[in-house]
There are 2 protein chains.
Amino acid sequence: MVTTTARDSDLASALVQTMHRLQDLHAETSRPLGLTPQQAHLLCVLISGPLGMTELSRILSIERSSLTSMVDRLERRDLVARVASPTDRRACRIELTAAGKDLAHQCHDAVVDRIRDLTSELPAATRQTLTKALQSILAQ
Amino acid sequence: MVTTTARDSDLASALVQTMHRLQDLHAETSRPLGLTPQQAHLLCVLISGPLGMTELSRILSIERSSLTSMVDRLERRDLVARVASPTDRRACRIELTAAGKDLAHQCHDAVVDRIRDLTSELPAATRQTLTKALQSILAQ
DNA sequence: TATTGTTATACTCTATAACTATA
DNA sequence: TATAGTTATAGAGTATAACAATA
């Protein structure tokens with residue numbers, strides 16, 4: 001039987017290429033805001049609230065020691081602040097400053113806008129299917 | 001009208017999160033092979049044939065000067081080779097050595113396997129829709 | 001003059017290992 | 001003893017600017 005059925009590797013390949021495309025897009029939107037993609041990611045993760053170093057390193061998938069220097073650089077620019085934990089004197093919480101919050105939202109909005117452009121030509125039903133499929137992948 | 005219609009930002013958010021997930025997965029598959037994700041990307045791009053520095057830098061979205069040092073490191077490990085262009089004495093072609101070709105295929109296969117695991121629970125029709133949607137995004 | 005690629009430099013990202021302070 | 005976070009160190013990724021050689 002010969003059909004136009006997609007192979008597994010077509011989906012894998014499409015996903016990998018999409019990843020690279022989105023990475024580029026992410027870099028292009030961060031840069032004019034004076035941020036590396038990694039810094040933009042960190043700031044955006046903090047939008048939903050302050051986090052400790054250990055939890056933040058887990059979310060960003062980097063070692064705590066790597067995070068220390070990232071936070072140092074952002075703190076020097078007054079985009080984040082280390083706040084002492086009231087309950088654990090070893091720990092601190094990283095939180096966005098007012099300037100950091102503003103920049104984080106700019107990053108977030110810029111990326112969402114760019115992606116909206118990329119996906120705007122898809123039919124609504126396809127967008128729906130795409131969204132649900134990706135969410136189910138992410139839920140694993 | 002109140003429905004469960006997904007917002008644009010849900011799709012954008014799902015795409016961004018998928019990007020991060022795939023980045024992690026890519027890093028996890030490259031690392032045991034002794035490669036950074038960027039090195040793995042470079043090797044995989046060369047699977048389809050040798051490329052000049054300028055074209056390779058365009059494909060990887062990095063400056064040529066950044067690429068020079070990446071190629072230096074890979075060449076020192078005998079994974080790629082600089083071959084003089086026969087037609088342009090300024091230019092060179094970067095090509096995979098036998099070891100580089102082997103490693104590139106290992107990288108490629110490892111990523112495809114991991115992604116297949118991620119997507120294996122989706123219905124065939126959804127996989128098809130997903131693949132076509134991503135391909136149409138990439139075609140832009 | 002324009003293009004190909006490299007060199008020099010500076011900064012960021014990242015991991016590993018060893019460490020301090022607190023729980 | 002275990003955990004939170006930092007320091008020290010080394011290597012890799014990246015951009016900018018200036019450069020050499022060739023087209």
Side-chain angles (χ1 to χ4, degrees), chain A residues 20 23-24 26-46 50-77 79-95 107, chain B residues 20 23-24 26-46 50-77 79-95 107:
Chain A
H20 289 305
Q23 277 180 295
D24 290 351
H26 194 222
E28 287 164 18
T29 53
S30 309
R31 191 184 233 290
L33 296 172
L35 298 171
T36 64
Q38 293 88 347
Q39 292 173 330
H41 190 190
L42 194 160
L43 295 186
C44 286
V45 163
L46 292 178
L51 291 170
M53 293 293 285
T54 299
E55 196 171 5
L56 194 48
S57 76
R58 191 186 52 72
I59 293 171
L60 299 177
S61 303
I62 59 175
E63 293 296 320
R64 277 175 304 165
S65 61
S66 306
L67 183 57
T68 294
S69 39
M70 284 195 67
V71 170
D72 286 346
R73 287 185 284 271
L74 292 170
E75 195 173 31
R76 259 181 255 131
R77 292 166 64 181
L79 296 173
V80 304
R82 283 176 168 92
V83 179
S85 162
T87 60
D88 184 339
R89 281 170 36 198
R90 295 170 303 179
C92 63
R93 318 276 290 173
I94 312 302
E95 66 176 29
C107 276
Chain B
H20 289 306
Q23 277 181 294
D24 290 351
H26 194 222
E28 287 164 18
T29 54
S30 309
R31 191 185 232 292
L33 296 172
L35 297 171
T36 65
Q38 292 88 348
Q39 291 173 330
H41 190 190
L42 194 160
L43 295 185
C44 286
V45 163
L46 292 177
L51 291 170
M53 293 293 284
T54 299
E55 195 171 5
L56 193 48
S57 75
R58 192 185 51 73
I59 293 172
L60 299 177
S61 304
I62 58 175
E63 293 295 319
R64 277 174 305 166
S65 60
S66 306
L67 183 56
T68 294
S69 38
M70 284 195 68
V71 170
D72 286 345
R73 286 186 284 270
L74 292 170
E75 195 173 31
R76 258 181 254 131
R77 293 165 64 180
L79 297 173
V80 303
R82 283 176 168 93
V83 179
S85 162
T87 60
D88 184 340
R89 280 169 39 197
R90 295 170 304 179
C92 64
R93 319 275 291 172
I94 312 303
E95 65 176 31
C107 275

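Scope of the values below: all heavy atoms of this structure, side chains included, with no hydrogens, waters or symmetry mates. Owing to the predicted nature of the structure, the values given are computational and were not obtained by experimental measurement.
Rounded to whole Å, the distance from CD on B/Glu55 to P on C/dT3 is 16 Å. Going from atom CG of A/Asp72 over to atom C1' of C/dC11 covers 14 Å, rounded to whole Å. Taking atom CD of residue A/Gln38 and atom C1' of nucleotide C/dC11, one finds them 12 Å apart after rounding to whole Å. Look at CZ on A/Arg82: it is 12 Å from C1' on D/dT7, rounded to the nearest Å. Atom C1' of nucleotide C/dC13 and atom CD of B/Gln39 are separated by 14 Å, given to the nearest angstrom. In this structure, CG of A/Leu67 is placed 13 Å from C1' of C/dA15, rounded to the nearest angstrom. Atom CG in A/Leu43 sits about 11 Å away from atom P in C/dC13, given to the nearest Å. Per the geometry, CD1 belonging to B/Ile62 stands 15 Å off P belonging to D/dA12, to the nearest Å.
A distance of 7.0 Å separates CZ of B/Arg73 from CD of B/Gln39, quoted to the nearest 0.5 Å. From A/Leu42, atom CG reaches atom CG of A/Leu56 across 5.0 Å, with rounding to the nearest 0.5 Å.
The side chain of A/Asp88 approaches D/dA4 more closely than any other nucleotide in the set D/dA8, D/dA4, C/dT4. Closest contact between the side chain of A/Ser65 and the listed nucleotides C/dT12, C/dA17, D/dT22 involves C/dA17. Nearest to the side-chain atoms of B/Arg90 among the listed nucleotides D/dT14, C/dT6, C/dA2 stands C/dA2. Checking C/dT12, C/dA15, C/dT6 against the side-chain heavy atoms of A/Thr36 singles out C/dT12 as nearest.
Heavy atoms of B/Ser85 sit nowhere under 4.0 angstrom from any nucleic acid atom. Within 4.0 Å of A/Glu63, counting heavy atoms only, lies at least one base atom of the nucleic acid. Among the protein residues, A/Arg93 comes within range of no part of the nucleic acid, since none of its heavy atoms lies under 4.0 Å from any strand. Using a 4.0 Å heavy-atom distance criterion, B/Thr54 is classed as a sugar-phosphate-only contact. At the heavy-atom level, A/Arg89 lies under 4.0 Å from the strands shown only through sugar-phosphate atoms.
Under the 3.5 Å distance criterion, with hydrogens and angles disregarded, no donor-acceptor pair is assigned to the side chains of A/His26 and A/Gln23.
In terms of phosphate contacts, B/Arg31 brings no side-chain nitrogen or oxygen within less than 4.0 Å of OP1 or OP2 of C/dT14. Applying the 4.0 Å criterion to OP1 and OP2 of C/dA15, one finds that A/Ser66 has a side-chain N or O inside that range.
Comparing A/Thr87 and A/Pro37 by the nucleotide of DNA chain C that holds the closest heavy atom to each, the one mapping nearer the 5' end is A/Pro37.
Residue A/Arg64 places a side-chain atom within donor-acceptor reach of the base of D/dG5, judged by atom type and a 3.5 Å distance cut-off alone.
The backbone N or O of B/Arg82 sits less than 3.5 Å from a side-chain atom of B/Glu75, completing a donor-acceptor pair.
A side chain to side chain contact (heavy atoms under 4.5 Å, CB included) with A/His41 is found for exactly one of A/Thr36, A/Leu60, A/Leu46, A/Leu35, namely A/Leu60.
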